[in-house]
Amino acid sequence: MTLCKETEPIKIAERVNDEFQVLAPKLDLDTPWFGYISFKNKNENFEFRIGVHADKNEKIIDWHHPIAKYYYQKLEIGEEIELEPPYRNIQGAVTAYASAEGYSGYLKSLVWNDFKGTAKIIRLDDGTFVDIHENQNNDNTKVTFSKPQQEGLSDLISLLTPEQYELITQKTSEPLIIQGRAGSGKTSVALHRVAWLLRDENEIQEHHKKTKVLVVMFNKALQCFVSQSLKSLNLEDKIEINTFHTWAKLALESVFKGQLIPLSYFDLKELFDKAQFNDNKKLGLIKSHAGISQLMEAFVKAKAKKVWELIENKIKEYDIDGIRHQFKRSTTAYVQDIIEFRKDIKYRIAQEKDEYEINRLSQIEIVLQNIYEKSILYKEELFELLNHWEWLMKCIPNLTEENAKSVGLRQKIIQTKDKASSAKVGKYIEFDDYALLLRLVQLKRGGLPYGILGEEIFKFDHLVIDEAQDFGAMQLLVLLESVTSRTGVTIVGDINQKIAPEKDFVGWDEIAKLLNIDNAKITRLEVGHRSTLPIMWLADSVIGSKPILQGRYGIYPKIKSVQSSKQLKEEMIDFIIKRVEQCPNAHICIVFRNKNIIKNYLNDLKYLLRHKKIEVREGERDTFSFRKGVTITNIHQIKGLEFDSIIVGDASENHWPNDLDSCRLMYVAITRAQENFLALHEGRATPLFSCLNDPYFWKPVERFLSQKDFKPVQIIQEEWDEALSVIDLEL
Ligand SMILES: Nc1ncnc2c1ncn2[C@@H]1O[C@H](COP(=O)(O)OP(=O)(O)OP(=O)(O)O)[C@@H](O)[C@H]1O
């Protein structure tokens with residue numbers, strides 16, 4: 001079916017709708033294709049439809065195809081394109097391009113661009129099509145259509161901006177570091193990049209035993225949210241996606257085979273209280289300092305030297321043919337070297353017939369086995385390392401002797417809990433020890449062990465770190481060492497959303513240094529796509545960031561004062577009922593900074609909304625549900641997530657004073673909202689919203705939104721120079 005010959009956008013949408021109904025059942029997709037581009041030269045018209053999957057018979061190319069690049073580049077109508085080989089015979093001027101979104105085989109929306117301009121057509125619930133581009137206004141309730149239920153990151157293959165497309169398709173010869181505004185698509189770009197790389201056989205070979213791509217984040221609920229989007233990206237079962245905590249725990253369990261017991265925050269508190277030890281948070285922080293890594297490296301190097309001297313000494317009388325000299329002696333990975341050495345000796349024994357030779361080699365094997373067993377006492381070595389206060393002071397700048405000694409004492413309390421009298425340490429560790437132990441294993445083995453016997457080393461081909469701002473230096477280092485090449489990494493984050501204040505973020509330049517590429521390109525994504533422009537404007541003002549006038553129109557965020565908690569609940573109910581009437585699939589999140597009051601609201605709201613068939617539930621870690629309805633949760637659960645609407649239920653000064661942590665947490669809360677943001681407060685309002693007292697605060701947004709198409713006005717340098725050039729001076 002040719003679309004480019006039709007000139008009426010509504011008719012085009014109807015034709016696409018017919019096409020979708022025929023193709024969708026066959027291609028088994030909501031949206032059989034999502035992108036369209038046509039171009040024309042003197043002799044020919046070319047038309048391409050772009051989909052997630054190619055279908056030759058239906059003339060659909062997939063989004064990896066080189067021609068799809070022109071769709072993503074959002075060329076100007078009339079712009080000439082000439083394809084690179086082998087498609088050189090395809091060339092002409094762009095006549096139209098469009099993006100389409102379907103739902104259950106029907107066209108849901110179509111953005112059509114041709115020489116007449118842009119049309120944005122949507123299908124209403126009654127099956128008719130309207131062009132909403134012409135009728136845009138600030139009220140998102142005027143055009144009613146069913147927003148589909150969203151249970152994971154929405155699929156945006158069709159919507160990628162040219163900048164996002166370029167990042168996704170960047171080769172792995174360079175690491176990708178992206179920082180950017182909330183909702184600018186960082187997580188989405190990282191996942192699409194993995195999907196892109198997994199399609200390209202030259203980049204990542206799929207491994208038949210273990211997945212070769214690791215995606216790590218900090219927040220459990222975000223991991224669940226993102227996991228729900230993997231199917232549409234064709235990434236299900238192809239990647240490992242985990243929180244750092246779970247990934248590190250699993251990795252350590254395979255090393256220690258059940259000999260580790262992590263201590264919770266409460267266990268630690270009890271331990272320190274009992275020992276009358278002041279658990280100074282700062283002391284815990286020392287463990288995630290990059291200096292410890294240098295110390296560890298020096299420590300392992302020294303051990304390696306000693307161990308090889310010992311091996312030399314012990315086996316020289318049996319090693320008449322100098323086998324020991326044939327083996328690799330890495331500066332740090334001596335445990336792996338011993339494993340290889342022992343494997344070879346075992347092989348020689350198996351081949352040998354001569355009894356004397358077998359005995360001789362067996363003696364060597366016994367020595368190696370004994371030394372190997374003593375070399376994998378990682379917990380004991382960590383204990384030794386942290387109890388050397390002089391070493392700690394050398395590697396961590398400005399560390400006082402008192403604090404250095406306290407680090408050791410603290411470690412003693414943890415690691416000697418319930419230990420057997422014959423052992424140096426017990427089974428207990430704290431969360432920060434995960435990274436330290438893994439790093440120690442990596443140094444001594446050259447990577448993390450893998451395979452039934454644990455003798456092989458496994459590395460990922462590609463690593464994605466999401467929410468990088470919440471990782472400590474040691475955790476980042478462990479992750480970066482788990483990937484084959486440091487260029488095979490995608491790291492994304494936003495310092496304004498740092499909600500783990502106890503960890504010092506190493507900074508973007510430092511990450512580039514850790515990657516050993518000091519000049520690595522750090523890309524910044526500026527446009528927030530999740531929230532409307534008014535919501536982003538407020539969020540940027542809360543963190544004092546320079547706002548940008550770009551984005552979707554929408555209604556203004558509200559802050560309301562209430563007199564009692566009864567009235568607060570009434571306001572919530574009123575908001576929820578109205579919003580669900582407008583948008584039945586909306587997922588509304590009520591968020592509190594104070595975790596302890598959630599249960600109280602949960603029960604009351606369940607009761608008050610019982611007749612409206614609106615589900616109310618608590619959101620917590622991996623039990624977080626992303627279905628329509630109401631989720632009540634605390635601020636630390638929602639980073640990276642998105643909701644139709646956000647209500648902050650305790651927006652008073654008590655809970656949200658004007659400090660850095662509050663600013664960042666409030667920024668996270670505001671930017672989770674796609675359409676609506678409401679803050680309610682009993683008592684004095686948080687000073688974070690004082691910008692709203694400025695009568696001019698919304699003026700720039702109002703002016704911008706009143707423009708017909710919301711493109712920011714760009715002034716190019718020449719225009720600027722020309723406008724300001726002074727030719728005659730009237731003196
Ligand atoms: N080019 C785009 N067009 C339309 N929507 C987009 C685009 N890019 C991203 N989005 C949408 O914006 C939302 C935010 O995307 P994503 O979660 O990837 O951003 P983020 O930068 O990781 O956000 P945050 O920092 O807040 O976690 C998602 O719903 C995503 O589908």
Side-chain angles (χ1 to χ4, degrees), residues 34-35 63 71-74 99-101 109 111 120 147-168 176-195 215-219 221-230 232-233 464-470 490-499 523-533 535-536 539-540 542-543 545 550-552 554 587 589 591 626 635-644 646 664-675 677 710:
F34 59 76
W63 70 291
Y71 160 77
Y72 285 112
Q73 282 177 341
K74 310 255 177 322
S99 45
E101 205 188 343
S109 69
V111 181
K120 182 162 190 209
K147 183 176 168 177
Q149 209 176 136
Q150 185 194 335
E151 291 191 19
L153 267 178
S154 43
D155 184 3
L156 54 83
I157 291 185
S158 61
L159 303 171
L160 299 170
T161 61
E163 201 183 8
Q164 289 173 331
Y165 178 79
E166 204 178 300
L167 293 172
I168 288 164
L176 187 58
I177 308 179
I178 311 173
Q179 50 166 319
R181 266 195 168 67
S184 55
K186 299 178 295 295
T187 306
S188 308
V189 165
L191 289 176
H192 281 79
R193 184 169 189 228
V194 171
V215 178
V216 204
M217 41 198 63
F218 225 83
N219 178 359
L222 175 60
Q223 181 213 325
C224 299
F225 181 66
V226 170
S227 298
Q228 305 204 8
S229 328
L230 299 185
S232 65
L233 283 166
V464 174
I465 306 179
D466 196 0
E467 310 175 89
Q469 72 279 353
D470 283 332
T490 303
I491 303 180
V492 307
D494 174 11
I495 187 71
N496 289 324
Q497 294 183 61
K498 182 167 161 38
I499 63 166
T523 307
R524 196 172 155 79
L525 289 175
E526 286 294 359
V527 183
H529 296 280
R530 175 186 299 120
S531 313
T532 62
L533 174 58
I535 292 175
M536 280 313 287
D540 283 330
V542 165
I543 48 159
S545 161
Q550 203 164 333
R552 277 185 303 125
H587 182 185
C589 180
V591 60
F626 304 105
I635 181 70
H636 284 90
Q637 302 282 333
I638 59 169
K639 189 147 64 74
L641 308 183
E642 57 192 28
F643 305 88
D644 173 84
I646 290 281
R664 285 179 173 168
L665 286 170
M666 186 57 91
Y667 178 76
V668 169
I670 300 172
T671 55
R672 300 310 94 197
Q674 293 168 317
E675 308 295 338
F677 176 80
F710 311 134

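Source: prediction; values computed, not measured. Side-chain atoms are counted along with the backbone in the values below, which use heavy atoms only and exclude waters and symmetry mates. Both counts, for ligands and for their atoms, begin at 1 and track the order of listing.
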**Prompt:** Do the ring planes of F643 and H587 sit parallel (below 30°), tilted (30 to 60°) or perpendicular (above 60°)?
**Reply:** perpendicular
**Item:** Nearest atoms (heavy-atom pairs only) where Q469 meets Q497
**Value:** NE2-O, 3.5 Å
**Prompt:** Ion pair present between R552 and E675, side-chain N to carboxylate O less than 4.0 angstrom?
**Reply:** yes
**Item:** Contact (N/O only, under 3.5 Å) between L159 and ligand 1
**Value:** yes
**Heavy-atom donor-acceptor pair, S531 side chain to M536 backbone, under 3.5 Å** = no
**Prompt:** Hey, which atoms in ligand 1 end up nearer than 4.0 Å to a heavy atom of R181?
**Reply:** 21 (O)
**Message:** Can a donor-acceptor pair be found, under 3.5 Å and without considering hydrogens, that links the side chain of Y72 to the backbone of Q164?
**Reply:** no
**Prompt:** If we only count N/O pairs under 3.5 Å, is S184 in contact with ligand 1?
**Reply:** yes
**Request:** Mark up the atoms of ligand 1 that fall under 4.0 Å of a heavy atom belonging to T161, in ascending order.
**Result:** 1 (N)
**Prompt:** For E166, does the CD atom sit with more than 12 other heavy atoms under 6.0 Å from it, leaving out its own atoms?
**Reply:** no
**Message:** Side chain, backbone, both or neither: which applies to E467 and ligand 1 if a contact is any heavy-atom pair less than 4.0 Å apart?
**Reply:** neither
**Request:** Between Q469, R672, H529, flag the one that comes closest to atom 26 (O) of ligand 1 by a heavy atom.
**Result:** R672
**Asked** At a 4.0 Å threshold, what atoms of ligand 1 neighbour a non-hydrogen atom of E642?
**Response** 13 (C), 14 (C), 28 (C), 29 (O)
**Message:** Can you tell me which residue among T671, D494, D540 is in a side chain to side chain donor-acceptor pair (under 3.5 Å) with R181?
**Reply:** D540
**Within reach of ligand 1, part of D494 (heavy-atom separation under 4.0 Å)** = neither
**Polar atom proximity, A182 to ligand 1 (N or O, under 3.5 Å)** = no
**Request:** Report yes if G185 has an N/O atom closer than 3.5 Å to an N/O atom of ligand 1; otherwise report no.
**Result:** yes
**Request:** Name the option, out of G640, A190, S531, that contains the heavy atom nearest to atom 27 (O) of ligand 1.
**Result:** G640
**Under 3.5 Å: donor-acceptor pair, side chain of N219, backbone of K639** = yes
